[in-house]
Amino acid sequence: MNRGPLLIDSHGRVMRDLRVSVTDRCNFRCMYCLPETEAAENFYRERWATAVNPTPITRQWQPKQNILSFEEIERLVRLAVSLGIQKIRITGGEPLLRRDVESLIGRLSKIDSIVDLAMTTNGFLFQQKAQALREAGLQRVSFSCDSLDVENFRRITGRDGLEELLGSIRLAKELGFAPVKVNAVIIRGINDHEIEALAEFAMRESLVMRFIEFMPLDSGRAWQRDMVMPGREILERLRARFDLISLTPANKSETAKRWGIGDSQAEIGIIAPVTEPFCGHCNRIRLTADGKLRTCLFSVAEHDLRSRLRGGTTDEEICEYLREVISQKEARHHIGEADFKFASRSMSCIGG
């Protein structure tokens with residue numbers, strides 16, 4: 001069902017990708033997102049005095065009544081797809097904490113014109129849900145794995161979960177999810193020494209490995225530029241060890257620069273939003289678990305869809321509102337500039 005003009009912003013970018021958060025809660029406490037562990041506090045303490053914005057975000061979980069129901073999410077996704085959205089990614093928080101999330105996948109998998117239905121997860125609960133998710137129609141899954149060392153994994157995430165995560169990655173491959181992607185946020189002084197080991201892991205397991213620059217989305221708001229391992233530096237390290245073969249981007253809006261590794265089936269990608277922004281081709285928008293639309297990961301303003309869903313607004317009116325909001329999408333982020341403002345919420349509340 002086509003409801004007219006596509007979602008096009010004032011810079012000519014056509015929106016094709018919608019990230020849907022189904023919960024703001026998470027069972028990990030990653031230091032680049034919810035740094036609440038003793039290890040994270042010790043790491044950040046010396047930085048708070050000189051942080052860009054030293055006031056931490058006060059975390060408050062959304063009450064259940066504020067969270068969109070599966071019926072409301074399905075309605076919004078259907079409308080977004082009718083306006084040209086083609087790719088849907090289910091996120092959180094940790095999406096597998098949302099009860100019966102596989103039933104939402106089943107609903108969304110039946111919507112025509114969705115060409116990619118994916119999920120991002122920390123993998124801790126994936127093995128319990130994997131078969132049901134696959135049968136419901138989930139096509140792809142991406143896992144977060146910032147360390148292959150048990151102690152360092154605990155330091156970064158705040159819990160023991162590496163064994164469960166590795167088992168989940170193997171199970172995803174067995175069940176036919178393809179490609180299986182693994183994301184690693186690289187923080188200087190924390191896990192940058194594991195870059196080569198993570199690439200070797202990708203080679204052994206035939207994975208798509210994504211190295212991501214550390215972004216200012218932590219609730220502690222202690223991010224500083226010197227904590228960022230630039231994508232160029234990551235690439236230099238990898239080239240010194242591996243035979244990298246440049247791969248052609250699938251489309252202009254692709255966030256990762258990609259390389260094959262020798263004659264392996266693995267792939268390396270580097271996502272460098274801090275040092276090499278790709279805002280000019282951004283085609284992504286985000287729906288938070290409590291029904292707010294965000295036009296940029298670093299937006300300081302949100303647009304309320306929940307009240308419209310629950311207030312009798314017609315589909316046509318919601319579509320018109322979506323077009324109006326998208327027309328105002330930010331040209332770019334301002335990380336590292338004097339006028340940069342932290343996003344209004346941490347990553348766990350925004351959705352990845």
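Any value given below was found using the heavy atoms of this structure, including those in side chains, with hydrogens, waters and symmetry copies removed. Being a predicted model, the structure only gives us computed values, none of them experimental.
Salt bridge status for R19 with D17: present, with a side-chain N to carboxylate O gap under 4.0 Å. A salt bridge links R107 to E74: one of the charged nitrogens lies within less than 4.0 Å of a carboxylate oxygen. Ion pairing between a basic and an acidic side chain is recognised when a charged N comes within 4.0 Å of a carboxylate O; R258 and E254 show such pairing. Using a cut-off of 4.0 Å between Lys/Arg side-chain N and Asp/Glu carboxylate O, D192 and R188 are scored as not salt-bridged. Salt-bridge formation is detected for the pair D315/R75: a Lys NZ or Arg NE/NH1/NH2 atom is positioned less than 4.0 Å from an Asp or Glu carboxylate oxygen. Using a 4.0 Å cut-off between charged nitrogen and carboxylate oxygen, E320 and R323 count as a salt-bridge pair. A salt bridge links E151 and R154; the closest N-O separation between the charged side-chain nitrogens and carboxylate oxygens is under 4.0 Å. Look at E200 and R241 and you find a salt bridge, because one of the NZ, NE, NH1 or NH2 atoms lies within 4.0 Å of a carboxylate O, short of that distance.
F143 places a side-chain heavy atom less than 4.5 Å from the side chain of T121. With a 4.5 Å cut-off on side-chain heavy atoms, K329 and H11 do not count as touching. Looking at L7 and V325, their side chains never come closer than 4.5 Å, going by heavy atoms from C-beta outward. Between L297 and H333 the shortest side-chain heavy-atom distance does not fall below 4.5 Å. Between L133 and V101, the closest side-chain pair of non-hydrogen atoms falls below 4.5 Å. Residues F242 and I268 are not in side-chain contact: their nearest non-hydrogen atoms beyond the backbone lie 4.5 Å or more apart.
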task = Apply the test side-chain hydrogen bond (donor to acceptor under 3.5 Å, both in side chains) to residues E324 and S327: give CA-CA distance (whole Å), side-chain angles for both, the deciding distance (0.1 Å), then the verdict.
result = CA-CA 5 Å; E324 177 187 341; S327 71; over 6 Å; no
ask   = Can S103 and D100 be said to form a side-chain hydrogen bond (donor to acceptor under 3.5 Å, both in side chains), step by step?
value = CA-CA 6 Å; S103 69; D100 299 323; 5.5 Å; no
task = Give the C-alpha distance, both sets of side-chain angles, the deciding distance and a yes or no for salt bridge (charged side-chain N to carboxylate O under 4.0 Å, His left out) between R310 and E72.
result = CA-CA 9 Å; R310 298 178 181 179; E72 290 169 331; 2.7 Å; yes
request  = Starting from the C-alpha separation in whole Å, work towards a yes-or-no answer on side-chain hydrogen bond (donor to acceptor under 3.5 Å, both in side chains) for R29 and T157.
outcome  = CA-CA 5 Å; R29 292 294 179 267; T157 67; over 6 Å; no
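The local environment of NZ in K173 is crowded, with over 12 non-hydrogen atoms from other residues, nucleotides or ligands closer than 6.0 Å. Heavy atoms of other residues, nucleotides or ligands lying less than 6.0 angstrom from CD of E276 number more than 12. A 6.0 Å sphere centred on CD of E71 holds more than 12 heavy atoms belonging to other residues, nucleotides or ligands.
The same ILVMFWY cluster, assembled from side-chain heavy atoms under 4.5 Å apart, contains both L165 and L148. Both I169 and F126 are assigned to one and the same hydrophobic cluster, defined by single-linkage of ILVMFWY side chains at heavy-atom distances under 4.5 Å. Hydrophobic clustering of Ile, Leu, Val, Met, Phe, Trp and Tyr side chains at less than 4.5 Å, counting indirect connections, unites F201 with V150. With hydrophobic clusters built from ILVMFWY side chains whose heavy atoms lie under 4.5 angstrom apart, L207 shares a cluster with I261. No path of Ile, Leu, Val, Met, Phe, Trp and Tyr side chains, each step under 4.5 Å between heavy atoms, connects L138 with V208, placing them in separate hydrophobic clusters.
Applying the side-chain hydrogen bond (donor to acceptor under 3.5 Å, both in side chains) rule to pairs touching residues 108-117 yields D116-R140, sequence neighbours excluded.
Of all heavy-atom pairs between I67 and V22, the closest is CG2-O, 4.0 Å. Taking each heavy atom of M119 and P95 in turn, the nearest pair found is CG-CG, 3.9 Å. Residue R155 comes nearest to G189 through the heavy atom pair NH1-O, 4.2 Å, listed as atom of the first residue, atom of the second, then distance. What you find for R25 and T23 is that their closest heavy atoms are N-OG1, 3.1 Å. Across T275 and P230, no two heavy atoms sit closer than the pair CG2-CB, 4.0 Å. Between E213 and P273 the shortest heavy-atom distance is OE1-N, 3.6 Å.
Between the side chains of S21 and R286, no donor-acceptor pair of N or O atoms lies under 3.5 Å. Side chains of Q328 and S10: no donor on one and acceptor on the other come within 3.5 Å. Side-chain contact check for T288 and D290: at least one donor-acceptor pair (N or O, by modelled atom type) lies under 3.5 Å. Side-chain N/O atoms of N122 and E94 include a donor and acceptor closer than 3.5 Å.
Distance check, rounded to the nearest 0.5 Å: CE of M229 to CD1 of I190 gives 11.5 Å.
Not one N or O on the side chain of E135 forms a donor-acceptor pair closer than 3.5 Å with the backbone of A132.
Geometric assessment of R308 against the ring of Y321 yields a positive cation-pi assignment under the 6.0 Å and 45° thresholds. For the pair R159 and F124, the cation sits on the ring face: its NZ or CZ lies under 6.0 Å from the ring centre, inside 45° of the axis. For the pair R134 and F177, the cation-pi criterion (under 6.0 Å, within 45° of the ring axis) is fulfilled.
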